[in-house]
Amino acid sequence: EDLKADVAYTLDGAGLGEIVYETFSADKAHVCVKGVAIHPGQAKDKLVNALHLGAKIVDTLPQARLTPETTGGREGFIHVYQMIGSAAKADIYFILRDFELDGLRARGELLKQVCAAVQATEPRAQITCTITEQYRNMRYWLENDMRPVELAREACRARGIEHFSQPIRGGTDGSRLTERGVPTPNLFTGMQNIHGPHEWVSVQDMRRATEMCIELAQLWSGDRDLAHE
């Protein structure tokens, strides 16, 4: 309602010609471990260290698979990205990713099972696992009407740009916009080494992206001639 648009595009893509219409589906998880705190000098048979239990949860999850560093392509993962706390209470934060909702649910269920198993080893502790939805694969909506993608491809062809599409192992603002009713594919900008210490962007590719966007706007308006002025 705020955008007052039928369709949109994000400029958050990578290599020259990339047009994205498939992203991860994503949830986040918060695991809270409450232990029993006591002075370490008096801790024998009394202390329940929340940090130890939290570490056990992380260690019990698959390490040789289902992590970002061991997966690629269409494989999903469970990523622990923060653990903070004390012996009394620890908070562990995860992101769960998969291209399909069944796979995403499986990641969440696995995490819950591991939490329950660790909880069973120490009934004096209290372990909770809260999973919250983040965004969904934009393909679920765009595959019902591929016109925004097809016009982006046509705009590339008109500017002599070889387009390509592949699932991206991430999400964009377009993931949420598409889900909320504004189909929003993601277009290339020329950025490389994304979110890394050596991230950079090609000025030449940015120029081609600008040309493609002008062409695309004219295609939607129905006036192809203006696009070449």
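FYI, the numbering just counts along the sequence from 1. Because the structure is predicted, anything quoted here is derived from the model rather than measured.
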Candidate pair Thr71 and Arg169, rule side-chain hydrogen bond (donor to acceptor under 3.5 Å, both in side chains), full reasoning: CA-CA 10 Å; Thr71 54; Arg169 295 176 59 78; 3.0 Å; yes
Steps toward ring-ring contact (aromatic ring centres under 6.0 Å, His included) verdict (Phe99, Phe24): CA-CA 5 Å; Phe99 286 102; Phe24 267 147; 4.5 Å; yes
From CA spacing to verdict: salt bridge (charged side-chain N to carboxylate O under 4.0 Å, His left out), Lys89, Asp91: CA-CA 7 Å; Lys89 178 177 177 289; Asp91 294 287; 2.7 Å; yes
side-chain contact (heavy atoms from CB on, under 4.5 Å) between Lys28 and Tyr93, intermediate numbers included: CA-CA 8 Å; Lys28 62 181 178 180; Tyr93 298 92; over 6 Å; no
Verdict with supporting geometry, Tyr140 and Glu100, side-chain hydrogen bond (donor to acceptor under 3.5 Å, both in side chains): CA-CA 10 Å; Tyr140 295 141; Glu100 303 302 337; 3.2 Å; yes
Verdict with reasoning, Asp102 to Arg107, per salt bridge (charged side-chain N to carboxylate O under 4.0 Å, His left out): CA-CA 9 Å; Asp102 288 346; Arg107 309 280 173 259; over 6 Å; no
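No side-chain donor-acceptor contact under 3.5 Å links Thr10 to the backbone of Asp12. Checking side-chain atoms of Thr178 against main-chain N and O of Met138 turns up no donor-acceptor pair under 3.5 Å. Checking side-chain atoms of Glu22 against main-chain N and O of Val20 turns up no donor-acceptor pair under 3.5 Å. Although no hydrogens or angles enter the test, the distance criterion places no donor-acceptor pair under 3.5 Å between the side chain of Arg136 and the main chain of Glu179. Under a 3.5 Å cut-off, the side chain of Gln119 and the backbone N or O of Glu122 do form a donor-acceptor pair. For Asp27 (side chain) and Leu96 (main-chain N/O), no donor-acceptor pair under 3.5 Å exists by modelled atom type.
Contact detail for Leu47 and Ala87: the closest heavy-atom pair is CD1-CB, 4.4 Å. Between Ala50 and Gly35, the shortest heavy-atom distance links the atoms CB-N, 3.9 Å. A pairwise comparison of heavy atoms in Ile131 and Gly108 identifies CD1-CA, 3.5 Å as the closest pair. Nearest approach of Leu104 to Ser25, heavy atoms of both residues: CD1-O, 3.7 Å. Nearest heavy atom pair, residue Leu219 against residue Glu154, reads CD2-OE2, 3.6 Å. Across Ser175 and Thr23, no two heavy atoms sit closer than the pair OG-OG1, 3.3 Å.
Counting only heavy atoms from C-beta outward, the side chains of Ile57 and Ile127 approach each other to under 4.5 Å. The side-chain heavy atoms of Cys156 and Ile19, taken from C-beta on, include a pair separated by under 4.5 Å. Side-chain contact between Thr184 and Val7: absent, with no pair of heavy atoms (C-beta onward) separated by less than 4.5 Å. Pro185 has its side chain within reach of Leu142: a pair of non-hydrogen atoms, C-beta onward, lies under 4.5 Å apart. Val58 is listed as a side-chain neighbour of Ile92, based on a closest heavy-atom distance under 4.5 Å. The side-chain heavy atoms of Glu18 and Ser165, taken from C-beta on, include no pair separated by under 4.5 Å. With contacts defined as side-chain heavy-atom distances shorter than 4.5 Å, the pair Leu66/Leu61 does not qualify.
Considering Ile168, Val149, Asn186 as possible partners of Tyr21, the one that fulfils the side-chain contact (heavy atoms from CB on, under 4.5 Å) test is Val149.
Remark: Cys213 SG to Tyr9 OH distance equals 9.0 Å, nearest 0.5 Å. Distance check, rounded to the nearest 0.5 Å: CZ of Arg97 to CZ of Phe77 gives 6.0 Å. The CE atom of Met212 sits 12.0 Å away from atom CZ of Arg157, with the distance rounded to the nearest 0.5 Å. Taking CD of Glu69 as the reference point, atom NE2 of His79 lies at 8.0 Å (rounded to 0.5 Å). The line from CD of Glu75 to CG of Asp98 is 9.5 Å long, rounded to the nearest 0.5 Å. Here Leu110 contributes atom CG and Cys115 contributes atom SG; the two are 9.5 Å apart, rounded to the nearest 0.5 Å.
The 12-atom threshold is exceeded at CG of Asn144, counting heavy atoms of other residues, nucleotides or ligands nearer than 6.0 Å. For Glu162, the CD atom is loosely surrounded, since the number of other residues' heavy atoms within 6.0 Å does not exceed 12. At most 12 heavy atoms of other shown residues, nucleotides or ligands fall within 6.0 angstrom of atom CE in Met206. Atom CZ of Phe94 has more than 12 neighbouring heavy atoms from other residues, nucleotides or ligands inside a 6.0 Å radius.
Put simply, Leu187 and Trp220 are part of the same group of oily side chains (I, L, V, M, F, W, Y) that touch within less than 4.5 Å, one to the next. Cluster annotation: Leu216 and Val182 are assigned to distinct hydrophobic clusters (Ile/Leu/Val/Met/Phe/Trp/Tyr, side-chain heavy-atom contacts under 4.5 Å, transitive). Hydrophobic clustering places Val80 together with Leu111 (ILVMFWY residues linked when any side-chain heavy atoms are closer than 4.5 Å, directly or through intermediates). Hydrophobic clustering (ILVMFWY, side-chain heavy atoms < 4.5 Å, transitive): Val201 and Leu11 are in distinct clusters. Hydrophobic clustering (ILVMFWY, side-chain heavy atoms < 4.5 Å, transitive): Phe188 and Trp200 are in distinct clusters.
Within the structure, no pair that satisfies the side chain to side chain donor-acceptor pair (under 3.5 Å) test touches residues 45-56, not counting sequence neighbours.
Checked for salt-bridge contact, Glu1 and Arg180 miss the test: no charged N lies under 4.0 Å from a carboxylate O. Between Glu211 and Arg208, at least one side-chain nitrogen of the basic residue sits less than 4.0 Å from a carboxylate oxygen of the acidic one, meeting the salt-bridge criterion. Under a 4.0 Å N-O distance rule, the pair Arg153/Glu150 qualifies as a salt bridge.
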